[in-house]
Amino acid sequence: MSAYHEIYAIVRQIPVGKVATYGQIATLANLPGKPRLVGYALYRVDLKESDIPWHRVVNAKGEISFSSLRQGTDYLQRALLEREGIEFTSTGKISLRQYQWQPESV
DNA sequence: TTAGTGACGTCCC
DNA sequence: AGGGACGCCACTA
């Protein structure tokens, strides 16, 4: 059983209209302090054949990680999030206080 | 095997 | 608020 499988399982649990951070996913996947692995795990996921809502994962700043490696999927991510009702600030950030996923339902 | 890089986070300035 | 340095570990050359 790969640790990445746990990551995918966690991401799949993120409800529509909510987002989670890489660090949050890492912790939930029993990989505290290793958020980079989460990012790499999602990078390995095939966007088309996976049923994983990868677009609901953002960094701790509440922003989408823009990278040339993603070939524009970063812009797609923002579009998908906006389609789910998530609003972006003028600086392109998301209000985590309002949209961050709370597994334990504070 | 060593070195470099990265869908990130935390700390310090 | 914004930017730089360091740490983390898997993958690639």
Side-chain angles (χ1 to χ4, degrees):
Chain A
M1 165 83 95
S2 172
Y4 292 134
H5 188 79
E6 291 295 318
I7 295 176
Y8 303 143
I10 302 278
V11 176
R12 255 190 289 261
Q13 294 172 33
I14 305 176
V16 176
K18 290 289 181 180
V19 297
T21 65
Y22 291 94
Q24 184 180 1
I25 299 295
T27 300
L28 292 174
N30 203 21
L31 295 171
K34 301 165 187 152
R36 308 204 69 147
L37 300 187
V38 177
Y40 209 90
L42 292 180
Y43 174 73
R44 295 183 61 193
V45 172
D46 199 326
L47 272 53
K48 44 186 182 310
E49 79 173 67
S50 70
D51 54 337
I52 301 174
W54 55 271
H55 57 279
R56 293 180 195 146
V57 184
V58 297
N59 60 31
K61 299 186 291 279
E63 231 188 16
I64 294 174
S65 298
F66 285 86
S67 175
S68 56
L69 304 177
R70 301 183 60 185
Q71 302 181 337
T73 58
D74 34 23
Y75 290 93
L76 171 62
Q77 178 172 8
R78 171 166 177 158
L80 289 173
L81 291 177
E82 291 182 318
R83 194 180 67 178
E84 294 185 354
I86 294 178
E87 298 177 13
F88 286 74
T89 66
S90 55
T91 53
K93 294 188 199 169
I94 297 175
S95 179
L96 289 180
R97 192 180 59 180
Q98 180 180 359
Y99 296 112
Q100 184 169 34
W101 177 40
Q102 316 278 9
E104 297 304 316
S105 215
V106 186

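A, B, ... follow the sequence lines: proteins, then strands. Residue 1 opens every chain.
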Separation of atom CD in A:Q71 from atom P in B:dA7, rounded to whole Å: 12 Å

Could you list the protein-to-nucleotides 10-13 of chain B atom pairs, N/O on both sides, closer than 3.5 Å?
none

Reported CH2-to-CG distance for the pair A:W54 and A:L80, which is rounded to 0.5 angstrom: 5.5 Å

Rounded distance (Å) that lies between atom P of B:dC8 and atom CZ of A:F66: 12 Å

N/O (side chain, A:R44) to phosphate O (OP1/OP2, C:dC11) under 4.0 Å: yes

Non-neighbouring partners of A:Y75 that pass ring-ring contact (aromatic ring centres under 6.0 Å, His included), sequence neighbours left out: A:F66

Distance (rounded to the nearest 0.5 Å) between A:I10 CD1 and A:I7 CD1: 9.0 Å

Whole-Å gap separating P (C:dG4) and NZ (A:K61): 12 Å

For A:R36, salt bridge (charged side-chain N to carboxylate O under 4.0 Å, His left out) partners two or more places apart: none

Nearest listed nucleotide, side chain of A:K93, among B:dA7, C:dC11, C:dG2: C:dG2

Residues clustered with A:V16, ILVMFWY side-chain links under 4.5 angstrom: none

Any residue meeting side chain to side chain donor-acceptor pair (under 3.5 Å) with A:R70, in chain and number order, not counting sequence neighbours: A:T73, A:Q77

Selection: residues 9-16 of chain A, any non-hydrogen atom under 4.0 Å of DNA chain C: none

Length of the NZ-P vector between A:K34 and B:dC8, whole Å: 18 Å

Counterpart residues, side chain to side chain donor-acceptor pair (under 3.5 Å), relative to A:S90 (two or more places apart): none

Options B:dG9, B:dA7, C:dA10, nucleotide nearest the side-chain atoms of A:P35: B:dG9

Spacing of A:E63 atom CD relative to B:dG9 atom P, expressed in whole Å: 11 Å

Residue A:Y22, side-chain heavy atoms: nucleotide from B:dG9, C:dC11, C:dG2 that is nearest: B:dG9

For A:E63, all residues meeting salt bridge (charged side-chain N to carboxylate O under 4.0 Å, His left out), sequence neighbours excluded: none

Nearest-angstrom distance from the residue atom CG of A:N30 to P of C:dC9: 14 Å

Non-neighbouring partners of A:Y40 that pass ring-ring contact (aromatic ring centres under 6.0 Å, His included), sequence neighbours left out: A:Y43

Check nucleotides 1-6 of chain B for protein N or O atoms closer than 3.5 Å to its own N or O atoms and list the pairs.
unit_1, atom_1, unit_2, atom_2, d
B:dG6, N9, A:R36, NH2, 2.9

Pairs satisfying side-chain hydrogen bond (donor to acceptor under 3.5 Å, both in side chains), at least one member in residues 9-34 of chain A, at least two apart: A:R12-A:D51, A:Q24-A:Q100

Residue list, salt bridge (charged side-chain N to carboxylate O under 4.0 Å, His left out) with A:E87, at least two apart or on another chain: none

Nearest-Å distance for atom pair CD/C1', residues A:Q100 and B:dG9: 13 Å

